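From a predicted model like this one, the values you see are computed outputs, not experimental measurements. Quick note on labels: first sequence line is chain A, next is B, and so on, each numbered from 1. Hydrogens, waters and symmetry mates play no part in the numbers below; they use all other heavy atoms, side chains included.
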Amino acid sequence: MKDLDFLTSTPSRQIDYEKFDTRLLDSVLENETSFLTCMSCGGCTATCSAGNLTNFNVRKIGLMLRRGEIDQLSVEIEKCMFCGKCTLVCPRDINIRNVVLLIKKGIALLKTENILS
Amino acid sequence: MMNKPRHIAVIGGGIAGMETASRLAQAGYKITLIEKERITGGHLTQWSHLFPDSSDPAIVVSRLSSALSHQNIKVITSTEITDISKNGQYFNLKSGSEMSLNADAIVVTSGFHLFDASRKEEYGYGLFDNVLTSADLELMMKNEKPIRTASGKKPRRIAIIHCVGSRDAKAGNTYCSKVCCITGIKQAIELNKRLPECEIFCFYMDLRLYGSSFDGLYLTAQQKHKVQFIRGRLSEAAEKPDKSLQIKAEDTLSGRPLRMDVDMIILLVGMEPGISHNNFSRNGSVQLDENGFLKCKDVHAARNLTTQTGIFMAGTCICPMSVSETLENARSAALEVINYFERKM
Amino acid sequence: MPGELYERISQDIRFTEGLTACMNCGICTAICPAAEFYDYDPRSIVTTVQSGDEKTLKDLLESETIWYCGQCMSCKTRCPRGNCPGQVIQVLRKVSQETGAFTKSRKGRQQLLIKDTVGKNILKYGYCIYPATAYPEKHPEQGTVWKWVFENSHEVYASVGGNYQGKGPGTLRKIPREALDELHRIFEYTGGINLFNKIEEHSRKKALELGFRKENADPDMEVYTRFVENEQ
Amino acid sequence: MKKTAKIKWADFNKEIADDNYYYLRSCIRQNFFPGSEKAFLDILRHNLHKTIFDDASHTTCAGIGYHADIVTFETLQTIAARHFSLMNERGIPSAVVSCITSFGIYSEILATWEEFPEEKEKIRAYLKKATGREFEVPENVVHSCDIIYKFRNEIAAQMKSPLINQKTGKPLKIVDHIGCHYSKMFPERGVGGAEFPKVLTGMITAWGGETVDYPERRHCCGFGFRQYLVKSNRSYPMSNSKKKFESMAPYKPDAILANCPGCTMFFDRWQYTLGQIEGKTYGEDGNGIPVLTYEELAGLVLGYDPWKLGMQLHQVDVEPFLDKMGVQYNPDDKYKGLNGKYINQPDFSGCLKV
């Protein structure tokens, strides 16, 4: 009905664990087990070169990966400058630079398989 | 040392009472240990593993039990002290009209009471079959029961919920119960050992891992046991048609509401003041602090002294404590009692 | 630095009532209906307000975000500190309207529409919602049955024992003149009319700013209203 | 920060006055469920033999305006104070409020005055200046569903049609929806507290029905005041209601029962709207799930005529529910006005035009 055109079912913003795409996370964890131990302290974000120039948040990259938000991740990850300072400051000694690299690789792979547009 | 041995009543036969009694007995005092349950050992008789070393609580209890068979110690079980009064230089303790005894001093070791999770209605304890408390899980593991959902299935995902009844004005408790965070991590690890395929999530506000080895256990839980941590307090749990549970929290680190279906929920229930505290404080024998625990005379210099001279205290009747802290605290109380009588002489 | 805005906000007793130190647990956002369908996070709003920073508060009052809350107050039930982010929102909206900040956001500008419908109903009829002004063309979601009720209102209400626009008590009765007069005076003496005027005045300014101007240089409120109604 | 007393809410009951009430009507209920307010008074007077005063002089509480932020807290409080003054004039100590938002507002005001007595004095001065009136706070303020709950067993004793499916002999399955402002803000003002108020489930079980728990039971209907009042915001309330329908539908409820007039209306209308735009219905055979007020449910149980109860004003057809209950009604009377005169009728009713 045309007079009801102003209404649409709004998609939920809720993070729905049932709809997670864990393929990327699994592949990162397999190759960089140190990522398991992130405690979201934000040390990486504080020192991040890209984060000081853009709204890039490297801690949130880890979160997006954990929550399977691959589309958003594929955009955000491009902002990383690979300076590696995050890895230097991480109190849990996570090779964050490698995590980012693995995410990029993983996304490239998903793209070539035409799974991601 | 002294002519007639002094008589000390220890109220509560949990580990604090057992340790205090045995230390004082070794020092030559006559002790009556009064326990309201049929057996001594308190909550520890219901636990399966102790943090941080995953040891068997029965070892602690049995060591303390054998120390109780000292000639100076008399143990009275199935008796609850309902009244304390001062009668000249003695304290008189009564259990209803059945028992009355006099003592030169008292050590209160009446312990804690577990938060009744059904008071947090939004978590569905007592309503939904697959909502358990940390105490239920301990007992399940102690009895070596396999971890299964109410319908007998292997859980595929379990959520462990921190701060249940703690740091919660709505539940009437604004303090931190201190040992729940590490208990949650311990239980997460134990669950992973039993159910390697099961995903385990801890929902926390702050991880308060104060012990020197606790943070190491957190790291182990992440690294070795793949336990995942989500920063956000559980808002509600609801049962789905298949009896699994839908839970809602905010993933505060990404600032968005989060919904998850789990097969089982473990509520980390905190320590509340023992119900018997009312008995001791009724006629002003001792005072309670703002949270209902026994108030100490000086939080730095006299942690084991109540507000009444001659009445001492030890263990979780003072505040939430771990097992090792409770035992240390009991020994410290014994020392205070000894000092009290030696100064008196 | 806390400044004039924070001062204003904290003077409202609903703010005192609604916020004692937040510990950022997120229990409110977890079940907030608005957080689910809008880019909205009551927890972070409370944190922002708690910071008291004047510049951040100014931005907040001019933002879309304070207009997303639906005031269901589900947050109040769960907060472990007894806070009520929904009440904090009420205070922010009040200050936003008093200072004119509301006209800076699309959702904020809608306050004019509510004043012109619900506000008008209250003063004219003594009801917030009134059959004669619940026009089916403005409410197509109300369905075919409501259209029937609207078009045959007197008969329909009478058939179910109503007293639509009638004298004396009963469903949808005409509110007696004296009662309406008292209501008007209450609005006048308690700042109710003043708030209506503020909303109108700031909206007029905004209309001019956007170039909705009549030939005599007055703001064209009809065009502005349509603009606000249709803004996406 | 106030610590709550250590209460077990499941055991909590609030005080509900026994008789002699002052009725405060609801804007939304009068507009959309006019028969319900009439039925409430009839049930109270004729079935329960209670005294209730229906005053022409009270007005809207302005609550919808308040929660849409165009009415100040001071104005709101003063209007409430005027209503208390009207009660004082009649010497009636107990208020019965028909609207959930109003009820929440009275609760909020009374709680505010308890905590900030100076606020009450400020309002006293406002009311005096504006109207010359004085006021005292009523002894008891409850919602009208509390009254039906209180007398649910008396109603059960006079029951003509229990909530039993006449075809299967099984209890009818009814989901309850409690309006957010009933007790989410002040749990001690709701029967059974804030999480699982018993006020509607108590009625359902007392009259032979079965209640249904479902995951999104406690979620808001989505009204959101400004989110509905402004046309371009209405996807928000619809999406919230839809979330609830999706969550309750697997339980195949026979009806939805709500205590808030707004929620009742929205559940009724959004089912129609969703049917129109998405072609989806949540009840059986292309019907929606009938949505009832508790006055209508009590009326049906007591044998009142569904058309006198105003159930023809629902968009979602109620007939499937009436048939299951075995209620006697004449389909031809649905659109008849006073003296049996045909009023005209809607283009169609239900969620989809068949």
Side-chain angles (χ1 to χ4, degrees), chain C residues 13-14 20 33 37 70-74 76-77 81-82 90 93-94 110-111 113-115 117-119 122 126-129 131 134 138 141-145 147-149 152 155-162 168-169 171-173 175-176 179 182-183 185-187 189-192 195 199 229, chain D residues 1-2 27-28 30-31 34-35 37-38 54-57 59-60 62 64-65 67-75 78-79 82 116 119 126 129-131 180 184-185 194 219-220 222 224-227 229-231 234 236 239-240 269 272-273 310 313 315 337-338 343-349:
Chain C
I13 53 169
R14 291 172 299 178
T20 32
F37 295 107
Q71 297 190 16
C72 68
M73 306 298 183
S74 302
K76 170 78 161 50
T77 317
R81 288 208 162 152
Q90 288 184 306
R93 289 181 181 174
K94 181 183 104 170
Q110 296 170 342
Q111 288 307 99
L113 309 178
I114 303 173
K115 184 212 76 168
T117 51
V118 177
I122 295 174
Y127 293 92
C128 282
I129 308 288
K138 297 211 167 188
E141 77 290 343
Q142 281 289 340
T144 51
V145 176
K147 190 162 180 278
W148 166 72
V149 176
N152 305 279
E155 287 114 308
V156 173
Y157 286 119
S159 75
V160 295
T171 307
L172 289 173
R173 74 214 176 276
I175 305 290
E182 287 191 12
L183 188 67
R185 286 200 299 274
I186 288 173
F187 265 85
Y189 292 130
T190 56
L195 177 62
I199 296 172
E229 275 174 351
Chain D
M1 174 175 47
K2 272 189 302 187
C27 300
I28 295 188
Q30 289 178 91
N31 270 255
E37 291 205 345
K38 168 83 165 52
D54 182 17
D55 194 349
S57 296
T59 64
T60 176
I64 294 174
H67 283 296
D69 308 281
I70 57 145
V71 170
T72 70
F73 192 35
E74 287 75 10
T75 308
T78 314
I79 296 173
R82 178 177 175 272
F116 306 94
E119 187 72 10
Y126 276 140
K129 194 174 165 205
T131 67
C180 291
K184 277 188 179 173
M185 293 182 280
H219 195 81
C220 170
F225 300 95
R226 70 186 322 284
Q227 315 302 350
L229 295 169
V230 178
K231 190 176 172 189
R234 283 181 203 150
Y236 167 86
S239 302
N240 275 295
R269 307 305 202 251
Y272 156 84
T273 315
L313 271 70
Q315 179 70 38
L338 283 181
I343 301 180
N344 203 347
Q345 70 186 62
D347 179 22
F348 70 98
S349 61

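The contact between C:Y157 and chain D is made entirely by side chain atoms (from C-beta outward), counting heavy-atom distances below 4.5 Å. Only the side chain of D:V230 comes within less than 4.5 Å of a heavy atom in chain C; its backbone stays farther off. In this structure, chain C has a heavy atom under 4.5 Å from the side chain of D:K231, while its backbone stays farther away. Residue D:R82 touches chain C through its side chain alone, counting heavy-atom pairs closer than 4.5 Å. Contacts of D:T273 with chain C are made by side-chain atoms alone, with heavy-atom separations under 4.5 Å and no backbone atom involved. Both the backbone and the side chain of C:I114 come within less than 4.5 Å of a heavy atom in chain D. In this structure, chain D has heavy atoms under 4.5 Å from both the backbone and the side chain of C:Q142. Interface remark: C:S74 contributes backbone and side-chain atoms alike to the contact with chain D (heavy atom separation under 4.5 Å). Of the atoms belonging to D:D55, it is backbone heavy atoms, and not side-chain ones, that fall under 4.5 Å from chain C. Only the side chain of D:F116 comes within less than 4.5 Å of a heavy atom in chain C; its backbone stays farther off. Heavy-atom distances place the side chain of C:L113, and not its backbone, under 4.5 Å from chain D. Using a 4.5 Å cut-off between heavy atoms, C:Y127 touches chain D through backbone and side chain atoms alike. Both the backbone and the side chain of C:I13 come within contact range of chain D, judged by heavy atoms closer than 4.5 Å. With a 4.5 Å cut-off on non-hydrogen atoms, D:I64 touches chain C through its backbone and its side chain both. Using a 4.5 Å cut-off between heavy atoms, C:K138 touches chain D through its backbone atoms (N, CA, C, O) alone.
Nearest heavy-atom pair, D:S57 versus C:A179, reported as atom, atom and distance to 0.1 Å: O-CB, 3.5 Å. Of all the heavy atoms in C:P33 and D:Y236, the pair that sits closest is CB-OH, 3.3 Å. Closest approach of D:A56 to C:P176, counting heavy atoms only: O-CD, 3.2 Å. Minimum heavy-atom separation, D:A194 to C:T77: CB-CG2, 3.5 Å.
Between chain C and the options D:I343, D:V71, D:L229, heavy-atom pairs under 4.5 Å are most frequent for D:I343. Per-residue heavy-atom pair counts under 4.5 Å with chain D were compared for C:E229, C:Q111, C:K147, and the maximum is reached by C:Q111. Per-residue counts of heavy-atom pairs under 4.5 Å with chain C were compared for D:G222, D:G337, D:A62; the largest is that of D:A62. By number of non-hydrogen pairs under 4.5 angstrom with chain C, the leading residue of D:G35, D:P34, D:A68 is D:P34. Put simply, of D:E74, D:H67, D:K129, the one with the most heavy-atom pairs under 4.5 Å next to chain C is D:H67. Here C:P131 is the residue among C:G119, C:G192, C:G168, C:P131 with the most heavy-atom pairs under 4.5 Å with chain D. Of all the listed residues (C:E155, C:R185, C:K76, C:R173), the one sharing the greatest number of non-hydrogen pairs under 4.5 Å with chain D is C:R173. Chain C forms more heavy-atom pairs under 4.5 Å with one residue of D:R226, D:M185, D:E37 than with any other, namely D:R226. Chosen from D:I28, D:T72, D:D54, the residue pairing most often with chain C at heavy-atom distances under 4.5 Å is D:D54. Ranked by heavy-atom pairs under 4.5 Å with chain D, the list C:Q110, C:K94, C:M73 is led by C:Q110.
The main-chain N or O of C:F187 is never found under 3.5 Å from a side-chain atom of D:T75 such that the two would form a donor-acceptor pair. Judged by distance alone, the side chain of D:Q315 and the main-chain N or O of D:R269 form no donor-acceptor pair under 3.5 Å.
Taking CG from C:L172 and CD from D:Q30, the interatomic distance works out to 5.0 Å, rounded to the nearest 0.5 Å. The OG1 atom of D:T60 sits 8.0 Å away from atom CG of C:L183, with the distance rounded to the nearest 0.5 Å.
Contact of the C:L195 side chain with the C:K115 side chain is not registered, since no non-hydrogen atoms from C-beta on lie closer than 4.5 Å. Here the side chains of C:V118 and D:F225 are not in contact, with every heavy-atom distance at 4.5 Å or above.
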With side-chain contact (heavy atoms from CB on, under 4.5 Å) as the criterion, how do D:Y272 and C:V145 come out once you've worked through the C-alpha distance, each side chain's angles and the decisive distance to 0.1 Å?
CA-CA 10 Å; D:Y272 156 84; C:V145 176; over 6 Å; no
Could you please spell out the steps behind the side-chain contact (heavy atoms from CB on, under 4.5 Å) verdict for C:W148 and D:N344?
CA-CA 8 Å; C:W148 166 72; D:N344 203 347; 4.3 Å; yes
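For D:Q345, the side chain to side chain donor-acceptor pair (under 3.5 Å) partners are D:Y342, not counting sequence neighbours. Scored by the ring pair (Phe, Tyr, Trp, His ring centres under 6.0 Å) test, D:H219 finds no partners at all (sequence neighbours excluded).
Each of D:I79, D:T131, D:T78 was compared with C:E182 under the side chain to side chain contact (heavy atoms under 4.5 Å, CB included) criterion, and only D:T131 meets it.
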